[in-house]
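Both ligands and their constituent atoms are indexed starting at 1 by order of listing.
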Amino acid sequence: MYNEIDLSTIEAGQDPPLQEPERQYYFMAKCRRYVKAESERLGRVLTAAVITFGCQMNARDSEKLSGILESAGYELTDNEEADFVIYNTCTVRDNANQKVYGRLGHINSLKKKNPHMKVALCGCMMQEQSVIEKIQKSYRFVDLIFGTHNIFKFAELLANMYEAEGMIVDIWQDTDRIVEELPSQRKYAFKSGINIMFGCNNFCSYCIVPYVRGRERSREPEDILQEIRRLAADGVVEIMLLGQNVNSYGKNLKNPISFARLLQECEKIEGIQRIRFMTSHPKDLSDELIQVMKESSKICRHLHLPLQSGSTRILEAMNRRYTKEQYLALADRIRREIPDISITTDIIVGFPGETPEDVDETIDVVKKVAYDNAFTFIYSKRTGTPAAAMEGQVRDEVVKEGFDRLLKVVQDTARERVARLEGQTMDALVEEVNEQDPDFLTGRLSNNTIVHFRGDKSLIGTIVPVCLKECHGFYYIGEMQ
Ligand code: SAH
Ligand code: SF4
Ligand code: F3S
């Protein structure tokens, strides 16, 4: 999208510029020469795969990695048997880490067959010292490792990788920098995520994100709006504003601005038809935001409002800074003002000290709020977080019992809640051809529910009215009107 700079005009002999992003464009030009030479040697194009784990923020980062790889002359592929493979990792729960180690085992055997293959690792997991030590010891074939704070330097690191022998490791402990205007290759032509802030200051006691993503930093509103205007000019109709806690956006800027005000500015941008955002921390959700959502014709009727636990005692130990009653009152206020809204949530089961009675409290909130969907997670101990050192770590069988009990209520409530729209006609943004049946399309309603219906793929990226014929749990089978 920002590929206006003609890389062929950048001289390789010159010293690299000190200023960003110019410096990275210099290294992209340099990488392009390496890729071209290697491609001529092999007599074919070079391919690169970006494999993403974790949240929407990682997905957005991967689009930036893809943009840089494309500028360097690689052809992008989903196939891990590529000339260059990069894993953008997540460490929020241990199973995310285990997946990466599993994939690396497979890559090791591929690399034995293709020694010219290059392998890189980046993302949240790389911000942990113990992970770096393990990779240096047991996965020596990895060529490049970097973290979350210096992802903007990817082109430079890639160029270093071509020039050096052995593993390159570049991890920063923190940063206050935000480098704008690098290329990005969007997964979807018609929708895009936009980072409005980075990092997190909340330090929920179970969570590793503040340690691996650093302190909260908001982007300047004008930079965000400029990016959205460009996206709109490029055909994007739906945007998703991304941050770990969007409700505290803008508070620390030199000229503070609220998240609700930012949304109002986004709403004015022509061409943008839908606005989404992720994630809202309940403690910072303002009445101003509820009013702005209520009056908006573009902000989607969906709010992801992580609960984590319904027990005030556990919420306190989690350092969430709201009580069960405050959460319920907030959900009530939202439902009263915006009755057609869907509320979804995240819940953790098995936090240290949690009893079956605490799980009952969580189930009570699930029933009262009537979520359209809830992501339920088993607590995962993250080294370095306060909860990892807490007494009362819950036994696996007890966690499993609570988890299954909760999941049943979540599924029953969601099924009932989603089904309320059966028979109605609603607008859906057509996202893709259905994975199971090529005669069907898959679209998303404003409230984030998925609907599958018969239609032609030329409709992808457009908003069409669909009658919601049959509810199948979390999704609908519909008919275009
Ligand atoms: N910033 C977002 C959440 C980011 S992590 C927020 O505050 O809502 C996404 C979800 O992962 C969290 O909502 C939480 O439910 C879950 N999670 C985070 N740390 C976890 C852990 N140690 N074990 C299990 N689940 C966890
Ligand atoms: Fe983690 Fe809490 Fe920050 Fe969300 S708000 S990223 S759960 S510390
Ligand atoms: Fe995972 Fe990092 Fe996101 S730890 S959830 S990828 S911020």
Residue Y379 vicinity, atoms of ligand 1 by number, heavy atom under 4.0 Å: 23 (N), 24 (C)
Contact atoms of ligand 1, heavy-atom distance to I348 under 4.0 Å: 14 (C), 15 (O), 17 (N), 25 (N), 26 (C)
Test: E63 and K187 ion pair at under 4.0 Å: no
T442 and H452 side chains, donor-acceptor separation under 3.5 Å: yes
N79 atom CG, over 12 foreign heavy atoms within 6.0 Å: yes
F203/Y211 aromatic ring centres below 6.0 Å: yes
Which atom of T148 lies closest to which atom of Q127, heavy atoms considered: N-OE1, 2.8 Å
Salt bridge present between K191 and E431 (N-O < 4.0 angstrom): yes
Close side-chain approach of Q273 to F190, heavy-atom, < 4.5 Å: no
Side-chain (R320) to main-chain (H281) donor-acceptor, under 3.5 angstrom: no
Element-labelled atoms of ligand 1 that are located less than 4.0 Å from some non-hydrogen atom of R93: 11 (O), 16 (C), 17 (N), 23 (N), 24 (C), 25 (N), 26 (C)
Atoms of ligand 3 close to Q244 [distance to a heavy atom under 4.0 angstrom, numbered from 1]: 7 (S)
Candidates R103, K99, E80 - the one meeting side chain to side chain donor-acceptor pair (under 3.5 Å) with Y87: E80
For ligand 1, the portion of Q308 having any non-hydrogen atom under 4.0 Å away: side chain
Heavy-atom nearest option to atom 9 (C) of ligand 1, drawn from D346, T279, T345: D346
S446 side, atom OG; K298 side, atom NZ - distance, nearest 0.5 Å: 13.5 Å
Under 2.8 Å from atom 2 (Fe) of ligand 2, the protein N, O or S atoms, given as residue and atom: C204 SG
2.8 Å cut-off (strict), protein N, O or S atoms about atom 1 (Fe) of ligand 3: 1
For the student: nearest non-hydrogen atoms of A317 and M390, plus distance: O-CE, 3.5 Å
Close-contact set for ligand 1 against P306 heavy atoms, below 4.0 Å: 8 (O)
Contact check, side chains of L285 and F259, non-hydrogen atoms, under 4.5 Å: no
Residue and atom name of the nearest protein heavy atom (relative to atom 7 (S) of ligand 2), distance in Å to one decimal: Y206 OH, 3.4 Å
Heavy atom of the protein closest to atom 22 (N) of ligand 1 (residue, atom name, distance): S380 O, 2.8 Å
T279 side chain reached by P306 side chain, heavy atoms, under 4.5 Å: yes
Atom CD of Q136: over 12 foreign heavy atoms under 6.0 Å: yes
R382 neighbourhood, listing ligand 1 atoms whose heavy-atom distance to it stays under 4.0 Å: 22 (N)
Which of the ligand 1 atoms, numbered from 1, are nearer than 4.0 Å to a heavy atom of R320: 7 (O)
ring-ring contact (aromatic ring centres under 6.0 Å, His included), paired with F351, selected from Y379, F377, F403: Y379
Residue portion contacting ligand 1 (non-hydrogen atoms closer than 4.0 Å) for V92: both
Any I378 heavy atom less than 4.0 Å from ligand 1: yes
Ring geometry between H304 and H302 (parallel below 30°, tilted from 30 to 60°, perpendicular above 60°): tilted
Y206, portion touching ligand 1 at heavy-atom distance under 4.0 Å: both
Structural part of R213 in contact with ligand 3, heavy atom criterion under 4.0 angstrom: side chain
Closest protein heavy atom to atom 4 (C) of ligand 1, given as residue, atom name and distance to 0.1 Å: Q244 OE1, 3.4 Å
Over 12 non-hydrogen atoms of neighbours within 6.0 angstrom of CD in E435: no
